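Everything on this sheet refers to the single structure shown next.
The sequence lines fix the lettering, A, B, ..., with proteins before strands; numbering per chain opens at 1. Only a predicted model underlies this, so the values are computations on that prediction, with no experimental measurement involved.
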2 protein chains.
Amino acid sequence: MSEKIEARHSVGAKRSEASAEAILNAAAAILAEKGYSSFSIEAVAKRARAGKPTIYRWWPSKAALLLDVYHRQKRPIPDHDTGSLEDDAFNFLRELFRNWRETPSGSIFRSVIAEAQSNEAAAKALRAYRKERKTHTAGIIERAKTRGEVPSDIDPFVAADLMTCYAWTQLLAGNLDDEEGLRRAVRHLISPWTV
Amino acid sequence: MSEKIEARHSVGAKRSEASAEAILNAAAAILAEKGYSSFSIEAVAKRARAGKPTIYRWWPSKAALLLDVYHRQKRPIPDHDTGSLEDDAFNFLRELFRNWRETPSGSIFRSVIAEAQSNEAAAKALRAYRKERKTHTAGIIERAKTRGEVPSDIDPFVAADLMTCYAWTQLLAGNLDDEEGLRRAVRHLISPWTV
DNA sequence: ATCTAAACGGAACGATACGTTTCATATCGA
DNA sequence: TCGATATGAAACGTATCGTTCCGTTTAGAT
């Protein structure tokens, strides 16, 4: 699933996309319902009504399957321009937290975090995602810059990265409900430019 | 190991502290040398030359043993007063990162983070440690307040917590060598009070 | 000094998940 | 039509799990 299959040089049946779909859905469902400690190839195969060899043929390891599930479930978080940088940042992170709480994405991402503590491929994926998030959040700040809400000579990436760090820590420590803390954190990160 | 044994009401051999010591040391060594994926009760027992029943008698689960190892290795990070809050915070976190890199503590803490993603007891320990760190870091800021470097009416806990979030994320993503990033992050977190 | 309760290390248990192999069946391309 | 390949199901040997038994050692009670 990681890469597109190159042009065939031989005859034979093609990969069953229905099976791949069922495997990825089953994996996501197990992570969402029972968490990473229950995530096993056996369990995924059983739930997907697939054979274990089918999974091992296409995913070299449990971690590879996990990362595929993770990439598949990524969805953009809605981000509205309210005209206030602090509100934009707060609303964005509040929506992210809500998404983590109410969809499988939180469980899946927590699993990637866990896996990354002893798996370099997962750690690499985590670093890439952090960079992506930082860039996205910096975009919110850039938007405020063009409004003149933020001085034009500042670097938005430091504050954007710190927002990412805060969000991740809230997730991994199980603190996604603390809206008051979120409000204070965002305010502190934005305040250097708005005082 | 978690709690002191209460007064005995019956005869018999006492717990072997030498064995407990060997088990905890073996567990820490395995985490440091081979990481959390190699951390098994079997491996700990073998390395400590202890029996598995001895481990299970005193620690109800692998997670409980991990948390005991984690609490046992905690050491205070040296923290000097340079007269500059930014330098104090930077130096403290740089020392913390060096400690995480060069002692088993980094591997052990990463394992606790991993475990906390599917274990509520570990997640609880993580929240407690975060609070402890936040309080400690806030102390560095309070010290600057008494010097007059920081306005007396501000709340140091938000910035202190954001420093903790940044440090943890650098650890879990494997970015402990980025001193330049650390410098920028600390500067941004401190700047609201020093502009 | 002897007795006895408890902890010890070692060995083995059944259970579970691992990754692999075998097999009969289904599916596609030449 | 035919041959190559993917599929699901089942079984395999291995490893670790958490537990149980066992014989030995330790130390408080008698």
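As rounded to whole Å, 13 Å separates atom C1' of dA9(D) from atom CD1 of I55(A). Atom P of nucleotide dG19(C) and atom CG of L65(A) are separated by 11 Å, given to the nearest angstrom. Summarising the geometry, the separation between CH2 on W58(B) and C1' on dG18(D) is reported as 18 Å, rounded to the nearest angstrom. Following rounding to the nearest Å, Y56(B) (OH) and dA6(C) (C1') show an atom-to-atom distance of 21 Å. Atom CZ in R49(B) sits about 24 Å away from atom P in dA7(C), given to the nearest Å. Atom C1' of nucleotide dA7(C) and atom CD1 of I23(B) are separated by 11 Å, given to the nearest angstrom. One atom, NZ of K14(A), and another, P of dT25(C), lie 24 Å apart when rounded to the nearest Å.
Legend: residues meeting side-chain hydrogen bond (donor to acceptor under 3.5 Å, both in side chains) with T103(B), ordered by chain and number and at least two apart, are S105(B).
Contacts with DNA chain C (heavy atom under 4.0 Å) in residues 37-48 of chain A: S40(A), I41(A), E42(A), listed by number.
Judged by distance alone, the side chain of E86(B) and the main-chain N or O of V186(B) form no donor-acceptor pair under 3.5 Å.
Side-chain N/O atoms of K52(B) and base N/O atoms of dG10(C) include no donor-acceptor pair closer than 3.5 Å.
R57(A) comes within 4.0 angstrom of a nucleotide base, judged by non-hydrogen atoms across all strands. Among the protein residues, S19(B) comes within range of the sugar-phosphate backbone only, with heavy atoms under 4.0 Å from sugar or phosphate atoms but none that close to a base.
Note: Y70(B) and F109(B) have parallel aromatic rings, judged against thresholds of 30 and 60 degrees for the angle between ring planes.
Among residue pairs with one or both ends in residues 133-157 of chain B, those qualifying as ring pair (Phe, Tyr, Trp, His ring centres under 6.0 Å) are F92(B)-H136(B); sequence neighbours excluded. The ring pair (Phe, Tyr, Trp, His ring centres under 6.0 Å) pairs that include a residue from residues 170-190 of chain A are H188(A)-W193(B), where partners are two or more places apart or lie in different chains. For residues 149-158 of chain B, the set of pairs meeting the side-chain hydrogen bond (donor to acceptor under 3.5 Å, both in side chains) definition, not counting sequence neighbours, comprises R147(B)-E149(B).
Considering only the side chain of P53(B), dA11(C) comes nearest among dA11(C), dA10(D), dT7(D).
Between T54(B) and dG9(C) there is a side-chain polar atom (N or O) within less than 4.0 angstrom of OP1 or OP2. OP1 and OP2 of dT26(D) both lie 4.0 Å or more from every side-chain N or O belonging to S16(B).
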N/O donor-acceptor pairs under 3.5 Å from side chains in residues 41-49 of chain B, not counting sequence neighbours:
| unit_1 | atom_1 | unit_2 | atom_2 | d |
| --- | --- | --- | --- | --- |
| E42(B) | OE2 | K52(B) | NZ | 2.5 |
| R47(B) | NH1 | E33(B) | OE1 | 3.1 |
| R47(B) | NH2 | E33(B) | OE2 | 3.1 |

